[in-house]
Amino acid sequence: MSIAQLLKRRVWHISDPEGIGVVCPVYFGRVPEQVERFLSSAILDTPYRFALLTCGSTPAMAVRRLTELCEMDYVASLLTVDNYFPMFDVEAQVRELPRKRVEERTSAIVADVAARVRRLESPTLYGRVAGLYMRLFPKREDAYKRFYVLPDVCNGCRVCERVCPIGNISFESGPGPTIGADCLTCGGCYHNCPSKAIRYRGEKSRYSYRNPAVSLAEIINSNSQTG
């Protein structure tokens, strides 16, 4: 179940006799705005609630924030590729992925959830320091203005419009996409543009990454706010 689509359809009550899990990335040390909005209003009617946060180096204080938003029985984090291009060389992150032992860690989390383990991950010292830094130096509200489009490269496929989870991209004012001020800087348009026409001033690399286990069609189906 896609949180982006649940918000779109205004579905707030979910019930399951076995368990309900929330899986989401960490955005600059925080729980994504959409997830916050959903969990702030949702009723998860189940005997077991669990959450998994994916991140590149640390979930910072997002693990604690998640438990503030919703009573959880189990919360864990999983280190994966950090594809936040304003801060990281994404290609280098992909090369470093084997040392993060993703499959081993994922299997351990799956086993915990299957056994209905009740444990809340605590922020590490590094996570606390990182969380403090991110609060003191938050992401700029006008970060979306750093996106730009290569007009000679854009083919007008509108994939960026369809992968945006908040419907913040339009083609109304020109031949290429326009990214609005509500941008989450999630990078969905950047990483999924087939022609790599969407760029970002100050990007640490020009490498686009999508988890090979997830198809573009699946992302569109989960995120699209059009139609």
Side-chain angles (χ1 to χ4, degrees), residues 1-11 22-28 30-38 53-56 78 80-97 102 139-227:
M1 301 177 74
S2 161
I3 287 180
Q5 297 303 336
L6 291 175
L7 285 170
K8 181 180 178 180
R9 303 200 311 266
R10 302 184 67 80
V11 176
V22 175
V23 181
C24 69
V26 174
Y27 286 177
F28 203 63
R30 299 179 181 179
V31 175
E33 180 182 322
Q34 288 174 291
V35 179
E36 288 229 10
R37 282 178 52 207
F38 178 72
L53 293 164
T54 63
C55 54
L78 178 69
T80 60
V81 171
D82 200 320
N83 63 0
Y84 189 54
F85 43 85
M87 294 184 66
F88 297 95
D89 180 334
V90 181
E91 187 172 12
Q93 283 284 312
V94 173
R95 290 196 300 267
E96 295 174 6
L97 187 59
V102 177
K139 182 186 69 176
R140 291 177 49 157
E141 292 185 2
D142 63 349
Y144 73 98
K145 293 182 179 180
R146 291 178 174 269
F147 282 104
Y148 64 98
V149 178
L150 300 174
D152 296 335
V153 178
C154 176
N155 62 14
C157 68
R158 302 176 83 111
V159 164
C160 55
E161 183 182 40
R162 297 164 70 196
V163 299
C164 180
I166 60 172
N168 187 57
I169 296 177
S170 69
F171 279 73
E172 297 176 357
S173 59
T178 297
I179 298 175
D182 292 330
C183 180
L184 303 173
T185 325
C186 70
C189 59
Y190 179 100
H191 287 293
N192 291 290
C193 176
S195 59
K196 303 187 187 301
I198 297 179
R199 311 310 321 163
Y200 190 86
R201 293 181 179 84
E203 60 192 4
K204 301 303 180 183
S205 71
R206 283 180 166 254
Y207 190 89
S208 298
Y209 175 81
R210 181 172 67 245
N211 190 310
V214 181
S215 70
L216 176 58
E218 288 175 308
I219 293 177
I220 291 174
N221 185 57
S222 294
N223 288 359
S224 181
Q225 301 294 301
T226 63

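The basis for the numbers below is simple: all heavy atoms, side chains too, and nothing from hydrogens, waters or symmetry mates. Start at 1 with the first residue, then count along the sequence. Since this is a predicted model, take the numbers as computed values, not measurements.
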Partners of Q93 by side chain to side chain donor-acceptor pair (under 3.5 Å), sequence neighbours excluded? K100
Main-chain N/O of D89 paired with S205 side-chain donor or acceptor, under 3.5 Å: no
For the residue pair F85 and F147, categorise the inter-ring angle as parallel (less than 30°), tilted (30 to 60°) or perpendicular (more than 60°). perpendicular
Note, K196 side chain near V153 side chain (heavy atom, < 4.5 Å): no
Determine, step by step, whether R199 and L150 satisfy the side chain to side chain contact (heavy atoms under 4.5 Å, CB included) criterion, reporting the C-alpha distance in whole Å, the side-chain angles of both residues, the deciding distance to 0.1 Å, and the verdict. CA-CA 7 Å; R199 311 310 321 163; L150 300 174; 3.9 Å; yes
Using 0.5 Å steps for rounding, measure from the CG atom of N221 to the CD atom of Q5. 7.0 Å
Residue R201 excluded, over 12 heavy atoms near CZ under 6.0 Å: yes
How close do I198 and Y190 get, heavy atom to heavy atom, and via which atoms? O-CD1, 3.5 Å
Do you know the tightest heavy-atom contact between C189 and C160? CB-CB, 3.7 Å
Filter on salt bridge (Lys or Arg N to Asp or Glu O under 4.0 Å), then keep only pairs touching residues 204-227, sequence neighbours left out; what's left? E203-R206
If we only count heavy atoms from C-beta on, is the T185 to Y84 side-chain gap below 4.5 Å? yes
Please examine the side chains of P165 and C186, heavy atoms only from C-beta on, and report whether any two atoms are closer than 4.5 Å. yes
For E96, is the CD atom crowded, meaning more than 12 foreign heavy atoms sit under 6.0 Å from it? yes
Please give me the minimum heavy-atom distance between P86 and Y200, naming the atom from each residue. CG-CE2, 3.6 Å
Side chain to side chain contact (heavy atoms under 4.5 Å, CB included) evaluation trace for F171 with T178: CA-CA 6 Å; F171 279 73; T178 297; over 6 Å; no
Candidate pair L184 and E33, rule side chain to side chain contact (heavy atoms under 4.5 Å, CB included), full reasoning: CA-CA 8 Å; L184 303 173; E33 180 182 322; 3.5 Å; yes
Can you confirm whether H191 sits close enough to V163 that some side-chain heavy atom of one is under 4.5 Å from a side-chain heavy atom of the other? no
Quick one: pull up OH in Y209 and OG1 in T80 and give me the separation to the nearest 0.5 Å. 7.0 Å
Are S195 and C157 close enough that some pair of their side-chain heavy atoms sits under 4.5 Å apart? no
Partners of T54 by side chain to side chain donor-acceptor pair (under 3.5 Å), sequence neighbours excluded? none
Test log, rule side chain to side chain contact (heavy atoms under 4.5 Å, CB included), inputs V159 and L216: CA-CA 9 Å; V159 164; L216 176 58; 4.0 Å; yes
Could you check if a side-chain atom of L53 sits within less than 4.5 angstrom of a side-chain atom of C24, using non-hydrogen atoms only? yes
Is N168 reaching over with its side chain to a backbone N or O of G180, donor-acceptor style, under 3.5 angstrom? yes
I'd like to know if the side chain of E161 and the backbone of G167 have a donor-acceptor N/O pair within less than 3.5 Å. no
Just wondering, do V102 and L97 contact through their side chains at under 4.5 Å, heavy atoms? yes
